Every structure is written in structure tokens, then in C-alpha cells.
Amino acid sequence: MCGIVGYIGNQKASPILINGLIRLEYRGYDSAGISTIEDNGLSLMKDKGRVKNLYHLEGIDDLTGTIGIAHTRWATHGKPAKENSHPHMDNSQTFSVVHNGIIENYHELRNFLTQNGYTFYSQTDTEVIPNLVHYYYQKDENHDELRFLRAVKNACGDLKGSYAIEIICKDYPNIMIVTRKDSPLVIGKGENENYISSDIPAILSFTRNFYLLDDLEFAILTREAVSFYDKDLNPTSKETKTIEWNSASAEKEGFEDFMLKEIYEQPTAIRETIGAKFNESTKCEFDELNFTKDYLSSINKIYIVACGTAMHAGLVGKNVIEKLCKITTEVDVASEFRYRDPLVDEKTLCIFISQSGETADTIAALKLCKEKGSKTLAISNVIGSSITREADYSIYTHAGPEIAVASTKAYTSQVILITILAIYFAEILEMDSQMINTLKKDIMELPKKIEETLKLSEVIQDFSKKAYQEKDIFFLGRGVDETVAREGSLKLKEISYIHSESYPAGELKHGPIALIENDITVVSILTDSNLVEKMVSNIQEVITRGAKTLVITNQNIDKNMFDMTIQIPKTNSFISPILSIVPLQLFAYYISKEKGLDVDKPRNLAKSVTVE
Ligand code: M6R
């Protein structure tokens, strides 16, 4: 949450900063601002609203500074307002700071600083940072070139909570300092210029070479170099990582919205994620993993922990792991898991799924499992993300950058990767080889079947035109289709703001059916041949009570019963969620478009949730 960008080089900083913020807007979009070092000191331009508002601020075109910091905000402390926007300065206007995260002890620090003569102009937690840096700076009698860094280090020593911080100082016009704790931040290395960003895609058009800063490390950026220091300010060294994503992958490339582009990228994302993991005659391999039969036989439980859509991918994973590997698997929401004292020990394998790899709740749950002695395995889409650096093992989806807040290609890539992981476990454990081989064959055919499913887009768009004015929409499914119902419902409410619930179809008559009234839309997913009759009966129950029905199915059922049936290709039941979610993603997308909403940046949401 909140996006931060920084630039130091020989070009005018302000257009680069604003351009970077626009690309990072999916991290937050209630206010934005920039600060540069000009000949006469620090500039500060900020306002409530979208990043593009910055272009209209008086004086923005006159900025000529070649070093600057910038921020797009997702409000935590203090409502969206100009005074709460970042950057924030200290009272003497010596330091300018942008911050992503939450300073938990800001009340205490604010009181301390107030007693020491400082005044506060915002309701934010962030404003304590520049003032605290100033407090230590003016106390330091050693005016050498590290005075600025020492002040930042001392201030950070007082902070509790999470932060990624960029800071510039008018007395040091040729450097920028950054540091982080439990909040993402990457440094992009250019030729005689360097960049900062919360996420890689924002600066991908400038460089593909990145330094990944560790927790509690500091970096000083000059135009020519980046130097690193540990928490005690001992110099350290770091190599750059080259990221394979190309800059076009972070552009819309002719699509109206990132979400639509990402829905259509799913066949490629799945192909790339399957990669060279297996073919029908060889065993599934993960270079990054070295699990043995002894270890896998010794574990008595797998936990899959994640948030939102990633958690829904985990639910699909539970089905395949339990059936293929015969290991009990529990799925939990990360923010609940860590507070319920889970029974985790060395006989538990804990798997964490996160597209961004930066979700605070998921990272905290991972740390807890490590403390409790279990092995931890991260599944992420972002190489070098925090979660992958914390986990014992990491494997990657190859979905490319996902920019739209609503996750689509990341979800289907997570589902395929966890399915392949289950095959890897099952082969080591020498489980039912026929079942494994059939699944492998079906996986190879999947990308083509997604392409076929995408061809249904027009029909779904037509149905969306009939449904976009609804107040409530219900989603039903049984078995693995129930996990798809949950994901379909989340997608819809997230980008259309229509109230939506999903239920296991058999649960309806235990309460929720009371909500079904004339003309309400009920979407059902029906792909499990063993459950056709039961599912059709449940759909009949809502039709009898006046519901309009949309059915997504790969079964041969009587279509006359329903208002609309979307026939998707048949596939292995383990991976059917990858096909059945596609019409639901399109359904949510077209409803949002019909309503004239901002599909990629739905209200109140941010792409990666880096606060707990
Ligand atoms: O980056 P992560 O996969 O950890 O994000 C988890 C959730 O915040 C995310 O899936 C969220 O639910 C999506 N916006 C749903 O579309």
C-alpha cells in the first residue's frame, strides 16, 4: 500500500517521478506528491486525489531538480487531504520524507518531539520521521559526510512498525537515503542515474537491473553509485539482480484496461508457469526443492496460508494435495492464522501463496511458522520479494507483472503451480501413477482450452448488460466449484461494488435461501460429474423462488432450465477451476465497465497490502 518512487541522475526529476507514480497508482490513489532538491532548497508539491492532478499544480513545470522523491497514498492515519499527503518535511524544511507502512509508536514519538519544540501539521504517523531525523541531526556535532546517514539510522532506531522510507536533505543535495523494514522497496540501477520504487514494474522502462534492499539495511544513492550499510552502519556489498520481465509487459498494449489484458494473458501465463516442469515420460522437477520421500512421509499436515484470491488458489490446492498425496491440508486466511496459535511444528509443511510476495499478513504468518520449527515454502510471482527471501524454499509463477488490482492471471498461475507441486510430492511419495499421468496430460492441454474459453467473451458481455444494475448477486458451487464460486464473488464485489455472496450449494437451505427473491441473479458453477444431479436440484430451488440463473458448466445438462448457460471445455476436475474462473472474471469485468467504473483501480483497494 502506498507507492514510492525516487530518482537521482542528470535528468529533470519531476516528470520521471510523476510517470513512476502513475505506474504505481495501483498501490494507492487517494493523494500524491513529490519533493525535489532545487537550487534554493527543497521543493514540495502535493495534493489530494489522483497522481495526474500533480500536473496541474502551480509551479510544477518550473522544477529543475535532478533528485527527488514521490508518493501515491493509500490512507491509514489521517484522511485523504493535502496536509496528510506525502512527502512530509521537518519543521526546519531540511528533510523531506516519503513513507510506506505504519509507525505504530507515532503517538509516543509525537509527544516526545512536541515536548522538544516540534510542531505537527498533519494527522499522519509519517510526520514524526523527518522531525525525528532532524532531532538527531542537530544533536550530532560531527559534521562529516555521514551525518545525514547517522541521523536517519538513529531515527529508525526509535521507530516501531513497518516502513519503506526515502529521504532527501537540503544540506546533501547529491544523495538520497533509503531504508526499509517489512515494507517493499527496490533500487533500480541505471547509467549515471539510479531509481527507487516500491515495485519493479514502475521503473521497468528505465532499467532491468535491481538491488533488493534487506530489512533494516540502509542505502545511499548518488548519481554514479549505490552504497549499502547494515543496521549498525557497517558497509556491506550487494549484487544486482536482472529481471526478465520486459517493459511492454507493464503496458496495456492496446487493451482498454490492465485487467482485460491480464485475463487474455492467461494462456501464456499458464504455459510459462508449466514451463519445463514435466512431460509425460519424466518426473516432475523443481530445481529449487530437494524434498525426499523420508521428509514428505514424515509430515502429518500441510498448511496453506494466504489472503484474498491467493487464499482461493490455496483452496484449489488443498483438493489436489489431499487427493493426490493423501496428506491432510488446511487452508487459512493469513490474518486469522497467526492469531489462533496454530498447531505447527517440524512435522508440518507450511506453504504461503502471494502474488506480490509483500502481503504483510502472509509474511507475518510465515515468520511465525519458522519460529515454530516448520519448513516454509513460498509461492510468489515476484522474484526476490520479501516472502521469497524469508521462506526456506521459493517457487515462482511466471505470470509477468500483474497491474490491475483484481487478480486474474496470478490466480490461475498459482492454481497450476500448486497442482504441479502436488504432482511433484505425489511422484516422490510414489502415489497413484495413473492418476498422476492423466493429470499431467490434461495440464499440457490446458492453455489451448483457456484460449477456447476466452472466445465466450461476447456472450458473457451480453449477460453482464442484463445484470449490471443488480444489488445482490449470489454464487453457488459444490466441491472444487465452490472454491471458484468464492473467487467469482470476490472478483465481482471488488470491481463492481455489487454486494455478492458465495455459498456451498448444499448450504443454501440452511439459511441463505431466505435471501433469494424474484429476479435476483444466481451464478452457479457445475463441473463435477459426480455432483450434477445435486447441483441441478439446488439451482432448481432458487429458480422456484424467482431467481435468474447463469450456469457455467462443462457437463451435458439441459440448458432450457436456465436463463443463460456458458459451456466451457471439459478438463480434469483438479484443474477445472482454471477454466471455470475465466467466464467469471469476464463477468465481473464487463459489469464494472457497464457501470462506468475504474476497473483497474477499484475504490478503497490497493494491489499489495503491506500493512496488517
Ligand atoms: O499479493 P498477494 O497475492 O499476497 O495479495 C493477496 C490479496 O490481497 C489479493 O489476492 C486480493 O484479494 C486481490 N485484489 C483479489 O483480486
Side-chain angles (χ1 to χ4, degrees), residues 1 3 24-29 74 182-184 198-201 257-260 262-263 266 269 304-317 331-338 351-366 378-391 394-397 399-415 417-418 483-484 486-497 500 502 581-582 584-589 592 597-612:
M1 295 179 144
L24 270 189
E25 246 191 337
Y26 58 82
R27 296 187 61 94
Y29 27 87
W74 186 89
D182 298 334
S183 250
S198 307
D199 283 339
I200 289 166
D257 304 279
F258 277 111
M259 183 180 177
L260 191 62
E262 289 160 8
I263 291 173
Q266 291 180 106
I304 303 177
V305 183
C307 301
T309 289
M311 194 275 289
H312 293 159
L315 290 170
V316 184
V331 182
D332 218 334
V333 170
S335 54
E336 290 295 318
F337 175 81
R338 52 185 296 234
I351 300 177
F352 301 85
I353 310 179
S354 174
Q355 185 284 129
S356 62
E358 301 295 347
T359 299
D361 287 317
T362 312
I363 296 171
L366 188 154
I379 295 183
S380 180
N381 194 38
V382 182
I383 294 182
S385 55
S386 301
I387 205 165
T388 65
R389 286 190 276 160
E390 280 290 336
S394 300
I395 56 175
Y396 292 95
T397 48
E402 191 179 66
I403 310 284
V405 166
S407 182
T408 53
K409 62 176 180 171
Y411 165 78
T412 45
S413 302
Q414 286 158 354
V415 170
L417 189 58
I418 199 156
T483 67
V484 178
R486 291 197 201 197
E487 176 57 10
S489 170
L490 174 64
K491 219 79 308 167
L492 183 75
K493 53 174 87 94
E494 187 173 22
I495 58 168
S496 74
Y497 317 149
S500 165
S502 71
I581 193 60
V582 173
L584 301 183
Q585 294 168 342
L586 289 164
F587 181 59
Y589 172 80
S592 178
L597 300 172
D598 186 339
V599 177
D600 288 338
K601 298 185 197 85
R603 72 180 176 210
N604 301 339
L605 292 172
K607 182 71 183 161
S608 50
V609 185
T610 51
V611 294
E612 290 174 39

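Just so you know, ligand 1 is whichever comes first in the structure, and atom 1 is the first atom listed for that ligand. Please read all numbers here as calculations on a predicted model, not as lab measurements.
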How long is the straight-line distance from CG of D598 back to CE of M259, given to the nearest 0.5 Å? 12.0 Å
With atoms numbered from 1 as shown, which atoms in ligand 1 lie under 4.0 angstrom from a non-hydrogen atom of S354? 1 (O), 2 (P), 3 (O), 4 (O)
What is the distance from atom CD of Q355 to atom CD1 of I379, rounded to the nearest 0.5 Å? 13.0 Å
Shortest protein contact, atom 7 (C) of ligand 1 (heavy atom only): C307 O, 3.6 Å
Side chain Y589, main chain I263, donor-acceptor under 3.5 Å: no
I want to know if ligand 1 touches V405 in the polar sense, i.e. an N/O pair below 3.5 angstrom. yes
To the nearest 0.5 Å, how far apart are NZ in K601 and CD1 in I403? 10.0 Å
Protein contact to atom 8 (O) of ligand 1 [nearest heavy atom, distance to 0.1 Å]: V609 CG2, 4.0 Å
Note the single closest protein heavy atom to atom 5 (O) of ligand 1, along with its residue, its atom name and the distance in Å. T359 OG1, 3.5 Å
Suppose we measure from atom 1 (O) of ligand 1 to each protein heavy atom; which comes out shortest, and what is that distance? S356 OG, 2.6 Å
Numbering as shown, the atoms of ligand 1 that approach G308 to under 4.0 Å (heavy-atom distance): 12 (O)
With K491, which residues qualify under salt bridge (charged side-chain N to carboxylate O under 4.0 Å, His left out), at least two apart? E487, E494
Return the closest protein heavy atom for atom 9 (C) of ligand 1 as residue, atom name and distance. T309 N, 4.1 Å
Atoms of ligand 1 close to A406 [distance to a heavy atom under 4.0 angstrom, numbered from 1]: 16 (O)
Nitrogen or oxygen of Q355 less than 3.5 angstrom from that of ligand 1: yes
Interatomic distance, R338 atom CZ to T362 atom OG1 [nearest 0.5 angstrom]: 10.0 Å
Give a yes or no answer on whether the side chain of D600 reaches the backbone of D257 with a donor-acceptor pair at less than 3.5 Å. no
Work out which heavy atom in G357 is nearest to a heavy atom in S385; give both atom names and the distance. CA-OG, 3.5 Å
Specify the protein heavy atom at minimum distance from atom 14 (N) of ligand 1: its residue, its atom name, and the distance to 0.1 Å. E494 OE2, 2.5 Å
Can you name the atoms of ligand 1, numbered from 1 with element, that are less than 4.0 Å from a heavy atom of A310? 3 (O), 10 (O)
With heavy-atom distances below 4.0 Å as the criterion, list the atoms of ligand 1 near K491. 15 (C), 16 (O)
Using side-chain hydrogen bond (donor to acceptor under 3.5 Å, both in side chains), reason through E402 and S407 one step at a time and then give a plain yes or no. CA-CA 7 Å; E402 191 179 66; S407 182; 3.0 Å; yes
So is H312 in contact with ligand 1, going by heavy-atom distances below 4.0 Å? no
